[in-house]
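Just below is one structure, and these are the notes that go with it.
Everything numeric here is computed off the predicted structure, so don't read it as measured data.
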Amino acid sequence: QVQLAESGGGLVQAGGSLRISCVASGRTFSSYAMGWFHQAPGKDREFVAHISRNGGITYYADSVKGRFTISRDNAKSTVYLQMNRLKPEDTAVYYCAATTSMVRLTASGTYDYWGQGTQVTVSS
């Protein structure tokens with residue numbers, strides 16, 4: 001079992017930046033690939049980014065590529081999402097998720113554990 005807790009969400013103007021974090025507790029953090037997803041009102045949960053167990057491999061949704069950066073600090077059991085040049089369409093609840101799988105990391109069903117989410121609101 002692993003427990004995940006996101007933090008760092010908030011209100012930001014379009015063009016601004018925000019960094020959200022997800023702290024894991026429980027089993028060894030470095031055993032899990034980590035992902036970020038977001039869900040806007042009335043929409044399905046969507047993939048944003050994922051990172052491999054040692055942080056060496058990252059992958060992004062086309063909508064955030066070049067603007068967002070996922071990273072992790074295994075010593076702190078924390079995964080980050082640095083969001084730059086934010087747009088109003090980035091407004092959503094952002095969730096971190098953990099999986100022992102090494103494939104299909106863009107699919108929400110691959111992930112075994114989820115945090116409660118943190119709200120990110122981008123004003124125009």
Side-chain angles (χ1 to χ4, degrees):
Q1 283 275 357
V2 62
Q3 293 78 43
L4 304 172
E6 302 93 337
S7 63
L11 175 64
V12 62
Q13 288 189 330
S17 297
L18 202 62
R19 188 178 80 159
I20 57 178
S21 304
C22 171
V23 178
S25 59
R27 297 188 66 180
T28 307
F29 181 66
S30 58
S31 300
Y32 296 91
M34 299 297 296
W36 284 100
F37 290 75
H38 68 195
Q39 187 167 19
K43 294 189 176 182
D44 293 334
R45 193 168 296 187
E46 297 179 339
F47 167 76
V48 175
H50 67 68
I51 189 166
S52 60
R53 298 173 185 180
N54 66 0
I57 299 172
T58 58
Y59 186 78
Y60 300 90
D62 287 343
S63 60
V64 307
K65 202 171 295 182
R67 299 189 298 123
F68 289 12
T69 302
I70 187 172
S71 62
R72 67 189 294 163
D73 185 338
N74 284 348
K76 295 182 178 179
S77 298
T78 302
V79 61
Y80 305 97
L81 187 68
Q82 176 68 45
M83 303 182 289
N84 298 329
R85 305 201 312 273
L86 281 159
K87 305 175 181 179
E89 51 263 44
D90 295 320
T91 295
V93 177
Y94 283 72
Y95 299 90
C96 68
T99 180
T100 55
S101 176
M102 291 187 289
V103 297
R104 295 176 52 82
L105 296 180
T106 62
S108 59
T110 298
Y111 292 81
D112 305 301
Y113 305 101
W114 293 83
Q116 293 300 305
T118 186
Q119 176 70 47
V120 172
T121 303
V122 184
S123 63
S124 56

Which heavy atom of Ala49 sits nearest a heavy atom of Leu81, and at what distance?
CB-CD1, 4.4 Å
So does Gly55 get a backbone contact from the side chain of Arg72, meaning a donor-acceptor N/O pair under 3.5 Å?
no
Is the count of non-hydrogen atoms from other residues, nucleotides or ligands lying under 6.0 Å from Glu89 atom CD greater than 12?
yes
Taking the side chain as C-beta and beyond, is there a heavy-atom pair between Trp36 and His38 under 4.5 Å?
no
Please find the pair of heavy atoms, one from Gln3 and one from Gln1, that lie closest to each other, and give the distance.
NE2-CB, 3.9 Å
So for atom CG, which belongs to Leu11, do other residues, nucleotides or ligands contribute more than 12 heavy atoms lying within a distance under 6.0 Å?
yes
For Ser124 against Ala14, the heavy-atom pair lying closest together:
CA-CB, 4.3 Å
Do Tyr80 and Met83 share a hydrophobic cluster (ILVMFWY, side-chain heavy atoms under 4.5 Å, transitive)?
no
Does Asn54 have more than 12 heavy atoms from other residues, nucleotides or ligands lying within 6.0 Å of its CG?
yes
Nearest 0.5 Å please: distance from the OG atom of Ser71 over to the CZ atom of Arg19.
7.0 Å
Can Tyr94 be reached from Tyr60 by stepping across I, L, V, M, F, W or Y side chains whose heavy atoms are under 4.5 Å apart?
yes
Is there a path of hydrophobic side-chain contacts, each under 4.5 Å between heavy atoms of I/L/V/M/F/W/Y residues, joining Met34 to Val2?
yes
Which atom pair, heavy atoms only, marks the closest approach of Glu6 to Tyr95?
OE2-CA, 3.3 Å
SB check Asp90 Lys87 (cutoff 4.0 Å)
no
Working to the nearest 0.5 angstrom, can you tell me the gap between Leu86 CG and Arg67 CZ?
6.5 Å
Thr28 (side chain) donor-acceptor with Ser30 (main chain) under 3.5 angstrom
no
Tell me, please, which residues at least two apart from Phe37 pass ring-ring contact (aromatic ring centres under 6.0 Å, His included).
Phe47, Tyr111, Trp114
Shared ILVMFWY cluster between Tyr113 and Val23, side chains joined below 4.5 angstrom?
no
I'd like to know if the side chain of Thr110 reaches the main chain of Arg104, judged simply by a donor and an acceptor atom lying under 3.5 Å from each other, with no hydrogens or angles considered.
yes
Is Ile70 linked to Leu105 within one hydrophobic cluster, defined over Ile, Leu, Val, Met, Phe, Trp and Tyr using a side-chain heavy-atom separation of less than 4.5 Å?
no
Provide the closest heavy-atom pair for Phe29 versus Ala24 in the form atom of the first, atom of the second, distance.
CD1-CB, 3.4 Å
Mind checking whether Gln119 and Thr91 have side chains closer than 4.5 Å, heavy atoms only?
yes
Flag if over 12 foreign heavy atoms under 6.0 Å of NZ, Lys43
no
Can you pull the disulfide (SG to SG under 2.5 Å) pairs that have at least one residue in residues 13-117, sequence neighbours excluded?
Cys22-Cys96
Flag side-chain contact, heavy atom, 4.5 Å: Tyr32 against Thr99:
no
Can you list the residues that meet the side chain to side chain donor-acceptor pair (under 3.5 Å) rule with Asn84, with sequence neighbours excluded?
Ser17, Gln82
To the closest 0.5 Å, what do you measure between OG1 (Thr58) and CD1 (Ile51)?
6.5 Å
